[in-house]
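What follows is one structure encoded as structure tokens, with my remarks underneath.
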Amino acid sequence: MNALIIESPGRQGIMRRLVQGLITLGFWGLLVYLLLPLFMPLLVAAGIVAETPVAGGAGSGAEIFYVLMLLVGGAMFGFGLWAEYNALLHRHRERKAPAPLRAICEQELANHFNVNPVELADWQRSGQLTIRLTEQGGIYCIAD
């Protein structure tokens, strides 16, 4: 079975990986910019920003943005290292192959569900079935 391309970035082209990485980085930057007001009390409490900047203040927004980008970048780097560690940890682990499926004949299927094999064959050929259930979840009747 072929692996999906999204699960095998090595099979993707360099330009595709670069563009996807830049788009992802752009969205992370936009998210940090939009969450900047939420981080402001934490930055003031940590002493990174001396006071809450006044709207329209010159230069203070850019400095805070760079600090937040550094924090988010550090978090992303940490998550990346953690993901790489897990990938290396599980890379050479053997996966159990699923048990091969065996063909089930119509007679065996009919016996399992306790139905007539001729009716089962008709149901398989029909395009639509109406199945009426009992209140307990059992099958009351089946109509073509």
- Query: Between Leu38 and Leu35, is a side chain to side chain contact (heavy atoms under 4.5 Å, CB included) present by the stated rule, with each step listed?
  - Reply: CA-CA 5 Å; Leu38 294 176; Leu35 293 177; 3.5 Å; yes
- Query: Should Leu25 and Leu18 be regarded as members of a common hydrophobic cluster, given that ILVMFWY residues are connected when their side-chain heavy atoms come within less than 4.5 Å of each other, either directly or indirectly?
  - Reply: no
- Do the side chains of Val32 and Phe79 join up, straight or via other hydrophobic residues, at under 4.5 Å, putting them in one cluster? no
- Query: Taking atom CE of Met15 and atom CD of Gln20, what is their separation to the nearest 0.5 Å?
  - Reply: 11.5 Å
- Message: Hydrophobic cluster membership, with links at side-chain heavy-atom distances under 4.5 Å among I/L/V/M/F/W/Y: are Leu22 and Tyr33 in one?
- Response: no
Please table the atom pairs, donor to acceptor, closer than 3.5 Å between any side-chain atom in residues 110-117 and protein atoms at least two apart or in another chain.
residue	atom	partner	partner atom	Å
Asn111	OD1	Gln107	NE2	3.1
Asn111	ND2	Gln107	O	3.3
Asn116	OD1	Val118	N	3.2

- Note on the structure: Taken to the nearest 0.5 Å, the spacing of Leu129 CG from Gln124 CD works out to 10.0 Å
- For Tyr85, what residues pass the ring pair (Phe, Tyr, Trp, His ring centres under 6.0 Å) criterion, not counting sequence neighbours? Trp82
- Query: Under 6.0 Å from the CD1 atom of Ile131, do we count more than 12 heavy atoms belonging to anything else shown?
  - Reply: yes
- Query: So, for Met69 and Gly29, which heavy atoms are closest and what is the spacing to 0.1 Å?
  - Reply: SD-CA, 4.1 Å
- Task: Determine whether Tyr66 and Leu71 fall in the same hydrophobic cluster, where Ile, Leu, Val, Met, Phe, Trp and Tyr are linked whenever their side-chain heavy atoms lie under 4.5 Å apart.
- Result: yes
- Is there a chain of hydrophobic side chains (I, L, V, M, F, W, Y, each step under 4.5 Å between heavy atoms) that links Leu70 to Met76? no
